[in-house]
Colleague: 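Below: one structure in structure tokens.
Given the structure is predicted, the values throughout are model-derived calculations rather than measurements. In the text below, chain A, chain B and the rest are named by the order of the sequence lines, each starting its count at 1.
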2 protein chains.
Amino acid sequence: MWIRLLGVTRAAEGELREFLRVEHGTTLPRFDVMAALYRRRDGVTMSELSRMLLVSNGNATTVVDRLEADGLVRRTPSETDRRTVFVALTPEGLAQFEGLAAGHEAQVARMFGGLSEADLDALTEILKRMGAA
Amino acid sequence: MWIRLLGVTRAAEGELREFLRVEHGTTLPRFDVMAALYRRRDGVTMSELSRMLLVSNGNATTVVDRLEADGLVRRTPSETDRRTVFVALTPEGLAQFEGLAAGHEAQVARMFGGLSEADLDALTEILKRMGAA
DNA sequence: CCCGAAAATTTCAAACTTGAAATTGTTTGC
DNA sequence: GCAAACAATTTCAAGTTTGAAATTTTCGGG
């Protein structure tokens, strides 16, 4: 059961990874970061980012470093707390992400395609209860 | 929805990773390999192994290399096809894995603890249909 | 005020992961 | 037979990931 759950998500991640690589020359972790920044358009701190993606702080730093070097993301120091930094998509990053998002959406839709409305509700409920455990 | 699914599996992987590290000084990929070899006690080829775990061939090689160096796993060349190699747990590997398995089982049980029999059936059915897509 | 605890981020070494290329071996069509 | 396609594994460079340690900054209680 757990094995099967893991199998489904890994297979899906693999497909997404391939899509990003072949069609857009990018990678899954970069996509994840950009997706998080897309959902929080006005910027997030590094800590928030790593909490959102469930990755370590160090990891967030490296991926953001690379995205920043490519001009897709911008770091802005906080005015009120000199420890914190805000990260946000640049216009270039926003444009690139919107290009990726459509393809990703289509993949996810295909993945859930065989499911009825009731199935989706049931799955939502189950995952909610598992998350609580 | 897809986000939530990913969130649940990542959180669970994180817990398992921590359990393996703190309680047993090992890592998730090593555990995965050993679990696969435990289920196929008489040995698998490298290709089978990477297919089972949905990881690349090169990845399987490195993890097996390390497990072999630690004496937990053994490589045996095939007699009939000199390209292929069989990998299997050593007695030490088997013993160590059995030590890990109980704790892992408990974690998985806790994770699915809030779910009824009907929920589990529904989840199985849904995942099966998603895997087919 | 000031010292120590706590917080945010980065740095670092080690491990993991990928995909492509290289190596070695097998098979198949001619 | 033999050359070309195919298959199994390893090697390799680049990128990802982790967790711990280091750095810098803030904050709260004497």
Colleague: Which nucleotide sits closest to the side chain of Pro29(A): dC16(C), dT16(D), dT25(D)?
Modeller: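 Closest nucleotide among those given: dT16(D).
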
Colleague: How many Å lie between CG on Asn57(A) and P on dT11(C), as a whole number?
Modeller: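 So the two atoms are 13 Å apart, to the nearest Å.
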
Colleague: Shortest non-hydrogen contact from Ala88(B) to Leu37(B)?
Modeller: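 Nearest heavy atoms, Ala88(B) then Leu37(B): C-CD1, 4.1 Å.
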
Colleague: For Tyr38(A), is the NZ or CZ atom of Arg41(A) found under 6.0 angstrom from the centre of its six-membered ring and inside 45 degrees of the ring axis?
Modeller: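 Yes, Arg41(A) sits over the ring of Tyr38(A).
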
Colleague: If you assign Asp81(B) and Asp32(B) each to the DNA chain C nucleotide with the nearest heavy atom, which residue ends up on the more 5' nucleotide?
Modeller: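 Looking at the nearest nucleotide for each, Asp32(B) comes out on the 5' side.
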
Colleague: Side-chain N or O of Arg66(B) less than 4.0 angstrom from OP1 or OP2 on dC16(C)?
Modeller: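 Answer is yes, contact under 4.0 Å.
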
Colleague: Using a heavy-atom cut-off of 4.0 Å across all strands, would you classify Thr62(B) as base, sugar-phosphate, or nothing?
Modeller: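 Result for Thr62(B) = base.
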
Colleague: I need the CD-C1' distance between Glu18(A) and dT17(C), as an integer number of Å.
Modeller: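 So the two atoms are 15 Å apart, to the nearest Å.
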
Colleague: Examine dT17(D): is either OP1 or OP2 under 4.0 Å from a nitrogen or oxygen in the side chain of Arg10(B)? Give yes or no.
Modeller: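 Arg10(B) to dT17(D) OP1/OP2: no side-chain N or O under 4.0 Å.
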
Colleague: Going by the side-chain hydrogen bond (donor to acceptor under 3.5 Å, both in side chains) test, name the single residue among Asp32(A), Thr26(A), Thr27(A) that passes it with Arg30(A).
Modeller: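 With Arg30(A) as partner, Asp32(A), Thr26(A), Thr27(A) yield a single side-chain hydrogen bond (donor to acceptor under 3.5 Å, both in side chains), made by Thr26(A).
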
Colleague: Quick one: do Arg10(B) and Glu13(A) make a salt bridge, cutoff under 4.0 Å?
Modeller: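 Salt bridge: yes.
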
Colleague: Out of Phe31(B), Phe19(B), Phe97(B), which one pairs with His104(B) under the ring-ring contact (aromatic ring centres under 6.0 Å, His included) rule?
Modeller: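 The residue from Phe31(B), Phe19(B), Phe97(B) that satisfies ring-ring contact (aromatic ring centres under 6.0 Å, His included) with His104(B) turns out to be Phe31(B).
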
Colleague: Take the protein atom CG of Leu67(B) and the nucleotide atom P of dA15(C), then report the distance between them rounded to whole Å.
Modeller: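 Value for this atom pair: 12 Å.
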
Colleague: Checking all strands, does Arg75(B) fall into the base, sugar-phosphate, or nothing category for heavy-atom contacts under 4.0 angstrom?
Modeller: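 Sugar-phosphate contact only - Arg75(B) comes under 4.0 Å of backbone atoms but never of a base.
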
Colleague: Taking the minimum atom-to-atom distance to the side chain of Val85(A), which one of dT9(C), dT24(D), dT17(D) wins?
Modeller: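 Within the option list, the nearest is dT9(C).
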
Colleague: Measure from the side chain of Val55(B), starting at C-beta and using heavy atoms only, and say which of dT18(D), dT18(C), dT9(D) lies closest.
Modeller: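 Taking heavy atoms from C-beta onward, the closest nucleotide is dT18(C).
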
Colleague: Could you tell me the separation between the CZ atom of Arg17(B) and the P atom of dG19(D), rounded to a whole number of Å?
Modeller: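 Spelled out: CZ on Arg17(B) to P on dG19(D) is 6 Å.
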
Colleague: Separation of Leu53(A) atom CG from dT16(D) atom P, in whole Å?
Modeller: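 About 13 Å, once rounded to whole Å.
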
Colleague: For Arg83(B) and Ala60(B), find the nucleotide of DNA chain C closest to each by heavy atoms; which residue's nucleotide sits nearer the 5' end?
Modeller: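 First, find each residue's nearest nucleotide; the 5'-ward one identifies Ala60(B).
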
Colleague: Take the protein atom CG of Leu54(B) and the nucleotide atom P of dG19(C), then report the distance between them rounded to whole Å.
Modeller: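 It is 12 Å, rounded to the nearest whole Å.
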
Colleague: Could you state the CD-C1' distance from Glu48(A) to dA7(C), rounded to the nearest angstrom?
Modeller: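 Answer to the nearest Å: 14 Å.
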
Colleague: Do any side-chain nitrogens or oxygens of Asn59(A) fall under 4.0 Å of OP1 or OP2 in dT18(D)?
Modeller: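 Asn59(A) to dT18(D) OP1/OP2: side-chain N or O found under 4.0 Å.
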
Colleague: What nucleotide among dT18(C), dT9(D), dT17(D) has an atom nearest to a side-chain atom of Ser56(B)?
Modeller: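 For Ser56(B), the side-chain atoms sit closest to dT18(C).
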
Colleague: From the list dT9(D), dG15(D), dA8(D), which nucleotide is the closest neighbour of the side chain of Met46(B)?
Modeller: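 The listed nucleotide nearest to Met46(B)'s side chain is dT9(D).
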
Colleague: Take atom CZ of Arg51(B) and atom P of dT18(C), then tell me their distance rounded to the nearest Å.
Modeller: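 The answer, rounded to whole Å, is 15 Å.
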
Colleague: Considering just the side-chain nitrogens and oxygens of Thr27(A), establish if one lies under 4.0 Å of OP1 or OP2 belonging to dT16(D).
Modeller: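 For dT16(D), OP1/OP2 do have a side-chain N/O of Thr27(A) under 4.0 Å.
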
Colleague: Does Arg21(B) reach a base, just sugar-phosphate, or nothing at all? Heavy atoms under 4.0 Å.
Modeller: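 Sugar-phosphate, no base atom in range.
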
Colleague: State, to 0.1 Å, how close Gly7(B) and Leu54(A) come at their nearest heavy-atom pair, and which atoms those are.
Modeller: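 Of all heavy-atom pairs spanning Gly7(B) and Leu54(A), the closest is O-CD1, 3.8 Å.
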
Colleague: Looking at Thr61(B), I'd like to know whether one of its side-chain N or O atoms comes within less than 4.0 Å of OP1 or OP2 on dT9(D).
Modeller: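 So the side-chain polar atoms of Thr61(B) never come under 4.0 Å of the phosphate oxygens OP1 or OP2 of dT9(D).
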
Colleague: Please confirm whether the shortest side-chain N or O distance from Arg82(A) to OP1 or OP2 of dT24(D) is below 4.0 Å.
Modeller: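 So the side-chain polar atoms of Arg82(A) never come under 4.0 Å of the phosphate oxygens OP1 or OP2 of dT24(D).
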
Colleague: So what does Arg30(B) hit on the nucleic acid, given a heavy-atom distance under 4.0 Å: a base, only sugar-phosphate, or nothing?
Modeller: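 Touches sugar-phosphate only.
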
